[in-house]
Undergrad: 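The structure follows.
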Amino acid sequence: MKKFKILHRFLTFLFASLILFFSVAYVKADGEDDYEALSEARKNLPIQSNSIQGWPEGPQVSAEAAILIDAKSGTILYAKNIDERLFPASTTKILTCVLALENSELDDTVTFSYDAVHAVPWDGSKIGMDAGQTLTMEECLQAILIGSANEVSNAVAEHVGGSMDGFVDMMNARVNELGLTNTHFVNANGLFDENHYTSAYDLSMIAREFFSYEMLAKIARTPKVEFYPTATQPDEITVNSKNLLYEGKKYHYEYLVGSKTGYTDMARQTLVSCAKKDGMELICVVLKEESPYQFTDTITLFEYGFNNFSLVNVKDIEDNFNPDNSDFFNTGTDIFGNSTELLKVNEDAKLILPNEADLTNLKMNLVYETDNQNAVAKVLYTYNGAEVGYSDIMLNSLSTDFFESIYVEDDAPITNVDGKSVFINVKIVLIVIVCIVILITIILLAYTQIKAYRRKKRAEARKKKNKDKDRYYKSSSKRHNFKV
């Protein structure tokens, strides 16, 4: 009887286990079918860049949002749902690494706290660090970008920001500095939170910051790294990337500069990548994709960009607007020595245009706001309403010679007066000089007018004196019977 009960319980347990297994398998399969259907449906979402007249037609991709930009100028080549707020998952970590690199040294020792380690759920990406163990900051960057290690992101946040919350404040401050309006972060690793979101456009702007650092880009294309035991870290750790765009992986892309993956159940697959070919460097962001389309769609978008657009030097296409020949940019005086021209277009400026672009549709707009401290203004270029680049208006060599002794790039100290460093901004100096020239001109005009007025008065006085003399002689001749 006892054996029968044991057998009964065993069979019951086995039966229940089989039901649970098939139920889970069914739900999983059904969910995958739903995700596949959603992926197909997303292909039909409108592509914003296709509405630009004369623009190369962009490919359909299954991402909820996608963008392709020129890394240098920020020109948008492909746009799909680029301002929708979505969850970035681990692509968040590109900003974490930017702030870490900017606010620490590579040989800094990062110590893992209990909170940093245990704030990560059991199924979150990690490399197995324990509380009290340490890595260098360089090793941390490798663990974050290659292994997407969440506990390492937490430890870096504490090290750089003083606390995880303090680091989040730094992240959002940087977001505000970049002028991004559809991004808000609540952690350094991208684990899901309703209030942790970004957009394809915003993430591409963060990616521009990230890929401007060659070291970060190099780590972000490294498929594997090994950490060896130390006095404060007793394990040999091998970290392998799951990024299939890397060399030796299924979707290896030969022009890849770097890439960072991301995934959560709510975010789905996310990917930020950069590629360079024939001098053109592009950044691609895809959000809310299903695997492996985040990789294949990224390659498709890169190929779309490289095959349909070209870099064009501004100096080669300037017909209607040539600052070098414009009176606006000439001083008309010799106040700068033997110079005749004050400002010029940046000779290195390039636009990114469709291969078959009709240059008559290229428009220019002069603005005075520029991030370049060596520039006094810039020309924005649009093609059928789409921004395609800009050219800074620079001080040319003549003015460089003039300002050489009073200006150094990045506001570095340029001289020393009584032990105090002096900083001078070219634009301010230029404005002061223009004001002085105007003031001198006004003074000269006033002096000329006053001089002319005095000359006129003297002439009138002489004329009056002569008339008085005439009257005197006439009256005298009458009294003395003189003939005049």
Side-chain angles (χ1 to χ4, degrees), residues 38-39 41-52 55-96 98 171-172 174-176 178-185 190 192 194-212 220 243 245 257-264 266-275 281-291 293-305 309 352 386-387:
L38 290 171
S39 180
R42 289 195 293 262
K43 287 184 179 179
N44 297 319
L45 293 174
I47 299 169
Q48 294 157 287
S49 49
N50 283 354
S51 64
I52 303 171
W55 207 256
E57 185 173 353
Q60 285 186 324
V61 297
S62 60
E64 177 85 10
I67 192 170
L68 182 72
I69 68 168
D70 173 50
K72 181 172 178 57
S73 67
T75 298
I76 300 173
L77 307 185
Y78 178 95
K80 176 184 177 180
N81 239 3
I82 62 173
D83 295 317
E84 182 183 0
R85 293 181 176 182
L86 295 167
F87 305 121
S90 286
T91 56
T92 299
K93 295 181 174 96
I94 64 173
L95 181 55
T96 299
V98 167
M171 296 175 77
N172 288 317
R174 187 57 166 272
V175 166
N176 291 333
L178 294 173
L180 309 180
T181 58
N182 290 307
T183 297
H184 182 261
F185 293 135
F192 175 73
E194 287 285 353
N195 295 313
H196 188 97
Y197 54 80
T198 189
S199 67
Y201 173 80
D202 286 6
L203 197 53
S204 72
M205 294 299 106
I206 296 171
R208 288 181 71 192
E209 298 284 301
F210 177 87
F211 289 111
S212 69
N243 195 319
L245 294 178
V257 172
S259 183
K260 180 69 190 79
T261 58
Y263 174 83
T264 67
M266 294 298 293
R268 310 309 299 162
Q269 300 290 348
T270 63
L271 188 65
V272 176
S273 308
C274 181
E281 189 169 351
L282 305 180
I283 290 172
C284 180
V285 175
V286 293
L287 295 176
K288 203 169 185 179
E289 278 253 55
E290 300 306 321
S291 189
Y293 302 121
Q294 74 271 31
F295 302 115
T296 57
D297 282 347
T298 291
I299 292 173
T300 297
L301 289 173
F302 277 140
E303 290 300 295
Y304 162 79
F309 295 88
I352 186 163
E387 290 189 13

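Since this is a predicted model, take the numbers as computed values, not measurements.
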Undergrad: Measure from the side-chain N and O atoms of Ser259 to the backbone N and O of Val272, and report whether any donor-acceptor pair falls under 3.5 Å.
TA: yes

Undergrad: Looking at Tyr304, I want to see if its OH is surrounded by more than 12 non-hydrogen atoms of other residues, nucleotides or ligands under 6.0 Å.
TA: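 Counting other residues, nucleotides and ligands, OH of Tyr304 exceeds 12 neighbours.
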
Undergrad: Quick one: pull up OH in Tyr197 and CG in Leu287 and give me the separation to the nearest 0.5 Å.
TA: 14.5 Å

Undergrad: Would you say Leu203 and Ile94 make side-chain contact, with heavy atoms under 4.5 Å?
TA: yes

Undergrad: Please name the pair of heavy atoms, one in Tyr293 and one in Ser39, separated by the smallest distance, quoted to 0.1 Å.
TA: CD1-OG, 4.0 Å

Undergrad: Once you round to the nearest 0.5 Å, how far does OG1 of Thr183 lie from CG of Asn172?
TA: 9.0 Å

Undergrad: Between the main-chain N or O of Lys288 and the side-chain N or O of Arg42, is there a donor-acceptor pair closer than 3.5 Å?
TA: yes

Undergrad: Under the side chain to side chain contact (heavy atoms under 4.5 Å, CB included) rule, collect the residues that match up with Tyr263, sequence neighbours excluded.
TA: Asp265, Arg268, Gln269

Undergrad: With distance as the sole criterion, is a donor-acceptor pair present between the side chains of Ser62 and Glu289 under 3.5 Å?
TA: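 Note: Ser62 and Glu289 side chains meet the donor-acceptor criterion.
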
Undergrad: Does Thr261 reach the main-chain N or O of Asn243 with its side chain, forming a donor-acceptor pair under 3.5 Å?
TA: no

Undergrad: Is it the case that the side chain of Glu209 and the backbone of Val98 share a donor-acceptor pair, with hydrogens and angles ignored and the cut-off at 3.5 Å?
TA: no

Undergrad: First locate atom CG of Leu282, then atom CG of Asp70, and finally report the distance between them rounded to the nearest 0.5 Å.
TA: 6.5 Å

Undergrad: Which atoms form the tightest heavy-atom contact between Leu68 and Leu301, and what is the distance?
TA: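 Heavy atoms of Leu68 and Leu301 come nearest at CD2-O, 3.1 Å.
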
Undergrad: Can you sort out the partners of His196 under ring pair (Phe, Tyr, Trp, His ring centres under 6.0 Å), two or more places apart, ordered by chain and number?
TA: Phe185

Undergrad: Indicate yes or no for a side-chain donor-acceptor contact from Asn182 to the backbone of Arg85 under 3.5 Å, with no hydrogens or angles considered.
TA: no

Undergrad: Does Lys80 reach the main-chain N or O of Val61 with its side chain, forming a donor-acceptor pair under 3.5 Å?
TA: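 Answer holds: yes.
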
Undergrad: Working to the nearest 0.5 angstrom, can you tell me the gap between Met171 CE and Thr96 OG1?
TA: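 Those atoms lie 4.0 Å apart.
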
Undergrad: Closest approach of Ala66 and Val286, non-hydrogen atoms and distance?
TA: CB-CG1, 4.0 Å

Undergrad: Drop me the distance from Tyr201's OH to Ile206's CD1, to the nearest 0.5 angstrom.
TA: 11.0 Å

Undergrad: Centroid separation under 6.0 Å, is that true for the rings of Phe309 and Trp55?
TA: yes

Undergrad: Going by side chain to side chain contact (heavy atoms under 4.5 Å, CB included), name the residues that satisfy it together with Ser90, two or more places apart in sequence or in a different chain.
TA: Lys93, Ser148, Asn150, Lys260

Undergrad: Can you establish whether the number of heavy atoms outside Gln48 located under 6.0 Å from its atom CD is more than 12?
TA: yes

Undergrad: Locate the shortest heavy-atom distance separating Leu86 from Glu64; write the atom from each residue and the value.
TA: CD1-CG, 3.7 Å

Undergrad: Search all heavy atoms of Thr198 against all heavy atoms of Pro88 and return the closest pair with its distance.
TA: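 The answer is CG2-CB, 3.6 Å.
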
Undergrad: Can you give me the closest heavy-atom contact between Ala267 and Ala89, atom names plus distance?
TA: CB-CB, 3.9 Å

Undergrad: For the atom pair CD1 (Ile67) and CD1 (Ile283), what is the distance rounded to the nearest 0.5 Å?
TA: 10.0 Å

